[in-house]
Each structure stands twice: as C-alpha cells, then as structure tokens.
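Just so it is clear: chains get the letters A, B, ... in the order the sequence lines come, proteins before strands, and each one is counted from 1. All values derive from a computational prediction rather than experimental measurement.
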2 protein chains.
Amino acid sequence: MTPARAPRADAVRNRKKILAAAGEQITAHGPEVGMDEIAAAAGVAVGTLYRHFPTKTDLVAAVVAAYIARVADDAETALGRVEAGAHAVDELTAFLRRVVEASVTDRAVKAAAQTLGAEPGDRADEDRAGAAVAALIQVGQADGDIHPDVTVSDIYLLFSTAPTDQPPAARARWLALVTPGLTTRTREAGN
Amino acid sequence: MTPARAPRADAVRNRKKILAAAGEQITAHGPEVGMDEIAAAAGVAVGTLYRHFPTKTDLVAAVVAAYIARVADDAETALGRVEAGAHAVDELTAFLRRVVEASVTDRAVKAAAQTLGAEPGDRADEDRAGAAVAALIQVGQADGDIHPDVTVSDIYLLFSTAPTDQPPAARARWLALVTPGLTTRTREAGN
DNA sequence: ATAGATGGTGAACCACAGTTCATCTTATTC
DNA sequence: GAATAAGATGAACTGTGGTTCACCATCTAT
C-alpha cells in the first residue's frame with residue numbers, strides 16, 4: 001500500500017525549512033503572521049507552503065506537534081534522571097519550570113493552536129509525555145513528596161494556564177504559588 | 001466648559017443597547033463577532049456603532065471596563081462581609097472562585113481585550129478592586145490565615161491564568177490546586 | 001541524455017470584517 | 001409646527017490575508 005515513489009530530495013528539504021521558519025515566525029510575531037512572511041522566512045514561495053500543508057491550520061498543527069514532541073523528550077529525560085536516583089518532586093517542578101520558561105518562546109504556538117482549530121497531529125508524542133509525567137508523579141507519591149491525589153491532568157491543567165505572556169519574575173512567582181498545591185510540604189516563604 | 005447641549009434621549013438609549021448587546025455577543029461567540037452582528041443584536045445599524053465608538057477596539061474597551069466595574073463591586077462586597085465578621089481567607093478564596101466561575105461567561109471578554117489593544121477605560125474601577133483585595137489580604141494575614149508574602153499582584157496573576165475555557169470540574173480543581181499557595185494551612189486532600 | 005512526473009513559483013483571486021459617508025430621520029428648541 | 005442640528009441608516013468601499021492555479025523548473029528513473 002506504499003507503491004508511491006520516494007519524495008524528492010528538495011521537497012524534504014523544503015518541508016523542514018518551512019516547519020522551522022513557521023516555528024520561528026510564529027514564536028516571534030504571534031500566530032497572526034501571514035503565510036507570505038513565513039514563506040519569505042523559509043526562502044520559498046507561498047505556493048510551496050500550500051503544497052506541503054493544505055491550509056494554514058495544518059501548518060500550525062504541525063508546529064504544535066513538533067512542540068509537543070520536544071516536551072515529551074524533556075519529560076522522558078527527567079524521568080530518566082529520577083530512575084538514576086534524582087528526587088521525583090524536584091524533577092517534576094523543574095520540568096514544570098522548564099516548560100513554563102520555554103513557553104515564553106512558544107507561547108504564540110499555544111495561541112495559534114487555539115485560534116485555529118489545532119489538531120493533535122501526533123497522538124503518540126502526547127502519550128509519551130503523559131506516560132513520563134505519570135511515572136514522575138507516581139514515584140514522587142511513593143516518596144511521600146507529592147500529594148496523593150495529584151494526577152497527570154492536573155499538570156496539564158497547570159500547563160494550559162501558565163502565564164506565558166508575563167515577565168520572568170511573574171512566571172517564577174506563579175510557579176511558587178502553584179507548587180504548594182502539588183507537594184505535601186508546607187509552603188515556605190520565598191520570592 | 002460644557003456649553004454643549006445635552007445628548008438626545010434616543011442616543012443615550014442606543015448607547016446602552018449597544019453596550020449590552022456587545023457584551024452578550026462577545027461572551028456568547030467570542031471576540032471575533034462582527035460589528036454587523038453586534039449591531040443586529042442591538043437592533044441598530046452599523047453606522048450607529050461607529051457614531052458611539054470610533055473603532056471596534058474602543059467598543060471592546062468599554063465592555064471590558066464594565067466587566068472590571070462588576071469585579072470591583074464584588075470585591076468591595078466581600079470586603080464588607082469581612083468587616084462584618086466573616087473570615088478573610090474564606091472571602092478571598094470565594095471571591096477568587098466567583099471570578100473564575102463568572103469568567104466562563106466573560107472569558108471572551110478577556111480574549112477580546114488581548115486580541116485588540118484593550119485599554120483600561122476607567123482606571124478608577126481597577127483601583128477600587130485593587131484596594132478591596134489588598135484589604136482582604138491584609139486582614140487575612142493579620143488572622144494568620146494568608147501567607148505573609150502574598151500580594152495583590154499575586155491575585156491578579158492568578159486571575160489572568162484562570163482556566164476560563166475549561167469545564168466546571170477543571171476550574172474547581174484548579175482552584176483547589178492554587179489556594180494552598182495563598183494560605184498558610186497545609187494542603188488538605190480533596191476533590 | 002531524456003522523458004515525465006513531482007515540486008516550485010507568485011500574480012491574481014476571493015471572502016471577510018472593519019470602516020466610511022451621502023442621505024434620510026427624528027429629537028429638541030423657539 | 002417649523003427650523004435645525006444631532007443622530008441613524010446601510011450600501012459601498014477598502015485593506016488584509018488566506019488560498020488557488022496555470023505555468024515553469026527540477027529531480028529521478030531509465
């Protein structure tokens with residue numbers, strides 16, 4: 001069922017360039033960047049964009065998928081560290097922080113995803129991330145550091161509400177406000 | 001310095017109708033509702049909208065201002081209850097919950113405010129709300145219930161990150177996750 | 001080297017939403 | 001009840017941005 005001949009070399013190259021450019025442009029100027037601008041940034045004509053992605057929504061979806069893949073990688077790495085002996089709570093909060101920090105860059109991606117009807121291009125990556133986070137939580141709960149009723153969807157909930165458009169100080173503060181809800185430790189003064 | 005004759009009666013009436021309709025339409029269908037639709041809902045022609053509000057951004061700003069005024073009222077009422085003997089923490093969290101709940105209706109307002117360059121039409125209402133919340137926090141801290149380093153901007157930060165587009169259960173859960181960051185009490189199991 | 005399809009180009013197209021304005025209506029004033 | 005200014009109307013205009021498509025270029029298999 002795959003008799004189609006292999007895609008042309010330059011087509012593959014262009015696809016990558018487009019994806020990269022789209023990511024950059026969207027994170028830089030928000031989701032309202034025109035297709036023309038993305039095309040220009042990729043060093044390609046608009047038509048080429050449409051050859052690879054039938055619609056702008058599809059393009060954004062692809063960018064979002066790439067973002068999710070990155071997050072999944074991050075989560076799995078964190079899990080790896082825990083298996084190597086690191087504390088799960090620490091890794092989880094650090095993961096949270098990292099995602100929130102990174103989302104400054106990727107905030108527009110999120111916005112774009114909502115503006116258009118962003119579809120999960122690759123459910124697989126989403127699952128990967130979920131599994132890793134779940135494992136992280138479980139270990140943390142076994143350690144007695146993470147509150148027993150915390151679930152993966154809690155983490156997603158916090159992700160989706162992260163103040164990506166706020167200055168660094170505010171993001172740090174937000175993290176400080178939110179972590180006590182996840183851990184069993186009493187809130188410490190700070191920041 | 002006010003020699004201008006009083007505005008016509010129907011003009012005043014229309015202004016109200018427009019504001020009301022704009023609020024409804026935006027909360028119902030998001031900030032992307034067309035001016036035509038708002039006009040239709042108000043039982044007026046588009047041109048009338050532009051007579052009262054030179055641009056769509058101005059109209060949205062007016063709607064946002066009305067929203068802020070409502071929040072300010074709410075905060076002041078809560079403060080009143082505290083002065084009458086209620087616990088400040090409870091009132092603060094209840095206030096938070098109320099705003100989050102209400103924002104289901106008003107979520108689009110927030111979105112609209114960000115989409116366009118929403119300007120604070122009435123700084124006064126903003127200040128009213130801020131003052132009331134500050135008082136609430138202060139009393140709560142004096143009671144020893146609210147963490148000493150909590151500030152008004154923390155509350156604003158939480159507002160701005162409230163999951164307004166999530167189902168009720170998720171919003172409740174969010175509140176449960178976030179409150180421990182404000183209080184001095186240890187997190188209790190729940191939900 | 002050549003054929004033929006795959007991929008690339010970009011000017012033109014189109015739909016949509018905000019905005020304008022010449023004209024008509026209606027409230028207010030004397 | 002005129003006269004007049006304030007307000008209302010809505011068809012038409014405009015600019016923007018996604019999308020198309022007829023034509024050209026390039027890669028790959030033979």
Side-chain angles (χ1 to χ4, degrees), chain A residues 2-22 25-26 28-64 108 111-119, chain B residues 2-22 25-26 28-64 108 111-119:
Chain A
T2 327
R5 107 182 32 176
R8 262 165 54 170
D10 58 344
V12 180
R13 218 179 311 133
N14 278 335
R15 187 168 227 280
K16 281 184 187 163
K17 284 200 295 184
I18 291 171
L19 229 46
Q25 289 303 111
I26 290 180
H29 311 303
E32 61 276 2
V33 276
M35 291 297 259
D36 293 354
E37 275 139 303
I38 295 176
V44 186
V46 238
T48 308
L49 259 61
Y50 283 91
R51 179 169 292 279
H52 289 277
F53 305 94
T55 180
K56 185 178 184 179
T57 304
D58 291 308
L59 176 55
V60 173
V63 173
V64 172
Q114 301 197 306
T115 303
L116 298 316
E119 285 312 303
Chain B
T2 326
R5 108 181 32 177
R8 261 167 54 169
D10 58 344
V12 181
R13 217 179 312 134
N14 278 336
R15 186 168 227 281
K16 281 183 188 163
K17 285 199 295 182
I18 291 171
L19 229 45
Q25 289 303 111
I26 290 179
H29 311 304
E32 61 277 1
V33 277
M35 292 296 259
D36 293 354
E37 274 139 303
I38 295 176
V44 187
V46 239
T48 308
L49 258 62
Y50 284 92
R51 176 170 292 277
H52 289 276
F53 305 94
T55 179
K56 185 178 185 180
T57 303
D58 291 309
L59 176 54
V60 172
V63 173
V64 172
Q114 301 197 307
T115 302
L116 298 315
E119 285 313 304

- When the nearest nucleotide of DNA chain C is assigned to His52(A) and to Gly34(B) on a heavy-atom basis, which residue is associated with the more 5' position? His52(A)
- Measure the CG-CG distance between Leu19(B) and Leu49(B) for me, rounded to the nearest 0.5 Å. 10.0 Å
- Taking every heavy atom of Val63(B) against every heavy atom of Ala22(B), the minimum-distance pair comes out as CG2-CB, 3.8 Å
- Atom NZ of Lys17(B) and atom P of dA8(D): how far apart are they, to the nearest Å? 9 Å
- Contact class for Val12(A) vs. all strands (heavy atom < 4.0 Å): base, sugar-phosphate, or nothing? nothing
- May I ask you to verify if any side-chain N or O of Asn14(A) is less than 4.0 angstrom from the OP1 or OP2 atom of dG8(C)? yes
- Query: Counting side-chain heavy atoms from C-beta on, which of dA27(C), dG7(C), dC27(D) comes nearest to Ala9(A)?
  - Reply: dC27(D)
- Query: NE2/His52(A) to NZ/Lys16(A) distance, rounded to the nearest 0.5 angstrom?
  - Reply: 12.0 Å
- Do Asp10(A) and Arg13(A) come close enough that some side-chain heavy atom pair is under 4.5 Å? yes
- Where the side chain of Asp10(A) is defined as all heavy atoms beyond and including C-beta, which of dG7(D), dT19(D), dG8(C) is the nearest nucleotide? dG8(C)
- Task: Specify the separation, in whole Å, of atom CD1 of Ile38(B) and atom P of dG10(D).
- Result: 17 Å
- Message: Could you tell me if the side chain of Thr55(B) sits less than 4.5 Å from the side chain of Asp58(B), heavy atoms only?
- Response: yes
- Task: May I have the distance from Arg13(A) (atom CZ) to dG8(C) (atom C1'), rounded to whole angstrom?
- Result: 12 Å
- Given atom CZ of Arg15(B) and atom P of dA6(D), what is their separation to the nearest angstrom? 17 Å
- Query: Glu32(A) has an atom CD; how far is it from atom C1' of dT16(D), in whole Å?
  - Reply: 13 Å
- Per the under-4.0 Å heavy-atom filter, residues of residues 39-51 of chain B near DNA chain D come out as Val44(B), Ala45(B), Val46(B), Gly47(B), Thr48(B), Arg51(B)
- Ala39(B) and Ala45(B) have their tightest heavy-atom pair at CB-C, 3.9 Å
- Glu37(A) CD to dT16(D) P: how many Å, rounded? 12 Å
- Item | Presence of Thr55(B) side-chain N/O under 4.0 Å of dG18(C) phosphate oxygens OP1/OP2 | no
- Query: When the distance from CE of Met35(B) to C1' of dG10(D) is rounded to whole Å, what number comes out?
  - Reply: 14 Å
- Arg51(B) versus Asn14(B): any side-chain heavy-atom pair under 4.5 Å? no
- Query: Which whole-number value in Å describes the distance from Asp36(A) CG to dT9(C) P?
  - Reply: 13 Å
